[in-house]
Amino acid sequence: MARVILKNIVKRFKSVTAVDDLSIEIQDKEFAVLVGPSGCGKTTALRMIAGLESVTSGEITIGDRLVNDVPPKDRDIAMVFQNYALYPHMNVRDNLGFGLKMRKFPKPEIDQRVQEAADILGIHELLDRKPKQLSGGQRQRVAVGRAIVRKPDVFLFDEPLSNLDAKLRVAMRAEISKLHRRLGATIIYVTHDQVEAMTMASRIFIMQNGALQQSGVPLHVYKQPANRFVAGFIGSPAMNFMPATLVEEQGAYYVHSNHFKVRLPDAFYPGVKAYAGRPVIFGVRPEDMAEQQRELSETRANTIPTRVEVVETLGAETFVHLTCGSHPMVARVTVPDRPLIVGQELEIALNMSNVHLFDKDTSRTIV
Ligand code: ATP
């Protein structure tokens, strides 16, 4: 297996810069997920690693080899595509073995590798079927099998679960994670789905407009986003943002808006003091907002006044769409004691130790 290094990679399609000075280092056996909104350049980055797209400038290294000019078939990678790209006229066995046959592997070796892949994926009973006789999930498994038989240094996955229904996606997520452990392979996986990224990755790389915004283990990125974009992209429902001003009063720091004034924890002071008196963006995750207990509401400590707009009851939890002034917000609460009524005024308590402030101009995280 192998590590993959992208150094200052740029890809231009005429006037469009699809990938803009991307430098990332993916370690041997790592499960790296490139994630970002549609058009951020993640598929182009993956296709350059595969050799399906040329590089405008920069260097791609797989293992110890600079591969910029190495054709795809000689790169020791295998790619699983979004649409699976199975040959419709071949049965599963032949689909699995086809790549090896093209590479002139002897038949006994092909048969053995196909058997191994079928063992790993549990698809023996499908070997004589044609792709059209398979369900979406089964086709997906065959597409993965076709990569496994190659025994590549690096597996590349391009949105492989996006054609599956929600339930199957969850099941296949777990299967691919198990497969990663079993094969001990380097995997580079592209998705626009931050839940897939969070649940599967050993490290995630978040892209926007062709550029890397942040990389790290999923929980680190969730807890310490580098900027407002990452903060809003990772986490569902997304973080709430509100314009506010940071004020200092008698040595304490407050986030102040037209509708509320909440005090920051002491631990934040060193990080925020340079922003005293300046406008900032206040960020709070839906799970850090709680319906204020009636008995505490007298104190109004670190609470904000809101109005209930929509209540989404999911069973174990409830998403409450609110407005604070005219500002929309979402709170994620456990099932409320009393039913929430649209139009009702609601005092919401904030877990201040988890809130964030962002620079209004640069969008960088202040704390
Ligand atoms: P999606 O999730 O929608 O597939 P993505 O993040 O994978 O998006 P890319 O497919 O890498 O994004 O595209 C990045 C940018 O490059 C987009 O603006 C896209 O329109 C542009 N682009 C991609 N391929 C080409 C091409 N062959 N010719 C011109 N522009 C392209």
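Below, each value reflects all heavy atoms present in this structure, side chains not excepted, and no hydrogens, waters or symmetry copies. Order of listing sets the numbers, starting from 1, for every ligand and every atom in it.
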So, Y253 versus F268, ring centres under 6.0 angstrom or not? no
Going by heavy-atom distance to atom 2 (O) of ligand 1, choose the closest among H192, K42, K14. K42
Given the protein's heavy atoms, is any one of them under 4.0 Å from atom 11 (O) of ligand 1? yes
Can you check whether P88 reaches K132 side chain to side chain, under 4.5 Å on heavy atoms? no
Report yes or no: does a heavy atom of P37 sit under 4.0 Å from some atom of ligand 1? yes
Protein contact of atom 31 (C) of ligand 1 - nearest heavy atom, named by residue and atom, plus distance: F13 CD1, 3.2 Å
Does atom CG of D64 have more than 12 heavy-atom neighbours, drawn from other residues, nucleotides or ligands, at distances under 6.0 Å? no
Of the listed options T17, V190, T43, T44, closest to atom 13 (O) of ligand 1 (non-hydrogen atoms): T44
May I ask whether E159 places a heavy atom under 4.0 Å from ligand 1? yes
How far is atom 21 (C) of ligand 1 from its nearest protein heavy atom, and which residue and atom is that? V16 CG1, 4.0 Å
Kindly state if atom 23 (C) of ligand 1 has a protein heavy atom within a strict 4.0 Å cut-off, that is, under 4.0 Å? yes
Interfacing atoms of ligand 1 (cut-off 4.0 Å, heavy-atom, A18): 14 (C), 15 (C), 16 (O)
Close approach of C40 to ligand 1, heavy atoms, under 4.0 angstrom: yes
Under 3.5 Å, is there a donor on one side chain and an acceptor on the other for N351 and S353? yes
